[in-house]
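To start, the structure under review is shown below, and the notes come after it.
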Number of protein chains: 2
Amino acid sequence: MSYLNTQNHSNTVLKVLNSALVLFVEKGFFNTSIPDLVKHSGVSTGSIYHAFQDKQAIAETLMSALLQQIEREQLQILNQHGRCKARFYALSKWMIDTAEEHPHVMQFILTARHKEFMPDLKPICSSQPFITLRNVIHQGMLEGSVQEMDLMVAAASSYGGILRLIQLGLDGMLERPLNTYLDEITQVCWKSIAIDQTIGK
Amino acid sequence: MSYLNTQNHSNTVLKVLNSALVLFVEKGFFNTSIPDLVKHSGVSTGSIYHAFQDKQAIAETLMSALLQQIEREQLQILNQHGRCKARFYALSKWMIDTAEEHPHVMQFILTARHKEFMPDLKPICSSQPFITLRNVIHQGMLEGSVQEMDLMVAAASSYGGILRLIQLGLDGMLERPLNTYLDEITQVCWKSIAIDQTIGK
DNA sequence: GTCTATAGTACGATAGAC
DNA sequence: GTCTATCGTACTATAGAC
């Protein structure tokens, strides 16, 4: 199933964005030509340029749409869990599930060299979804469940492990499916910033 | 100072490789044209194509040279420290120092979309330097200083935090210089996989 | 809004003098 | 080995019919 929502975009735009997601991740932005997009999406050159100003605008729209969708899903998770540790586990599970169900999405967000084709864009880690991840850790410090330390250090250590494992999974370096590592990785990542030594469930 | 060793390569090759490192990281592989390389390196088109088969070969040679140099530096560190924890700390310090002194090197290794322009290359995390990092963690399990767990999970959790913080630093998301975070980040990253709760130095 | 056909350009790579 | 000049190509983007 497509990850992108059908609400904000026309059918043509959506077809192009979905093809762009696949092709940009698999071949790279610069190795994907407009003719490639035409073939993969079934939309003609003219229609593509009617819907988007240029090739770069396709990437920008795609990025923006993905980040919006991710924000929406994060908010749902935050609504279901109140405390830092529960939120951290739920967000980690969601990241790992997304990496398995929509590997292209995760790959595009995590490893696409956005700077290379969107030079004006701020680094991905300054986008709202990453701010939300950090805010949860900050909440933990206020709650007393996370050790007082530099927020960037805490965020890097906790989510860094999750994201690194996801990257290893996307690169085909893991023997088992990603989700089978969920419990183990979230436990050790949480342990790195938890305030006490009782790790029990 | 240049990161690359002058032993294996001629002066012309070295000039091109150094320019390629800078330009590939700052503008990206596909946004760097041969004329760009000519301007930046002072070497003419003809000489570049005399030294390298094509543009991709420049990237491949660069990657190979960097990995070799990194391997050499890692071996030095392993020779200076015997136990897992000491090696982990020293390797982490070395990664952070390298990121500060040679940001282009770190950026090229960590974030360059190698797959995009070197489709045949294995993922970077299967290269020898990354294997060495994992081996050190494995050694820790045998020694009894690191908890028994899946090796990939342990490596992701421990080095993932370090690498994530380095990425944040390279992206300009940190307030202070990277090396000022060294003690804090290595401590929490080690804590995530350490076997007992005594974290003291 | 959608399409085909094509203009214009910039690039990778080569030829060939020195 | 190094250089300049240039070829051929493949791309992005546009023009204009429907």
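Each chain gets a letter, A, B and so on, in the order the sequences are listed, and its residues count up from 1.
Note: CZ (B:Phe52) to C1' (D:dG1) measures 14 Å, nearest angstrom. Residue A:Ile34 contributes atom CD1, which lies 9 Å from atom C1' of D:dC11 at whole-angstrom precision. The nearest whole Å value for the distance from the CD1 atom in B:Ile48 to the C1' atom in D:dT4 is 14 Å. Separating the NZ atom of B:Lys55 from the P atom of C:dA10 is a distance of 15 Å, rounded to the nearest angstrom. Look at CD on A:Gln56: it is 13 Å from C1' on D:dT12, rounded to the nearest Å. Atom-to-atom, NE2 of A:His9 to P of C:dG1 comes out at 14 Å; the value is rounded to the nearest Å. Here C:dC11 presents its P atom at 9 Å from NZ of B:Lys39, a figure rounded to the nearest Å. To the nearest angstrom, P of C:dA17 lies 17 Å from NE2 of B:His50.
Residue A:Thr12 places at least one side-chain N or O under 4.0 Å from the OP1 or OP2 atom of C:dT2. Regarding contacts with the backbone of D:dT14, every side-chain N or O of A:Tyr49 stays at 4.0 angstrom or more from both OP1 and OP2. For C:dG1, the OP1/OP2 oxygens have no side-chain nitrogen or oxygen of A:Ser47 closer than 4.0 Å. For the pair B:Ser44 and D:dT2, the criterion of a side-chain N or O lying under 4.0 Å from OP1 or OP2 is not met.
Between the side chain of B:Asn18 and the backbone N or O of B:Leu14, at least one donor-acceptor pair lies under 3.5 Å. Under a 3.5 Å cut-off, the side chain of B:Thr186 and the backbone N or O of B:Leu182 do form a donor-acceptor pair.
Ring centroid separation for the pair B:Tyr159 and B:Phe88 comes in under the 6.0 Å cut-off.
Ion pairing between B:Lys122 and A:Asp171 fails under the 4.0 Å rule for side-chain N and carboxylate O.
Residues B:Thr32 and B:Glu26 have side chains not in contact (no heavy-atom distance under 4.5 Å, counting atoms from C-beta outward).
DNA chain D is contacted by both A:Phe30 and A:Gly46; A:Phe30 maps to the nucleotide lying nearer its 5′ end (nearest heavy atom per residue).
Looking at heavy-atom distances under 4.0 Å, B:Thr32 makes contact with sugar-phosphate atoms alone, never a base.
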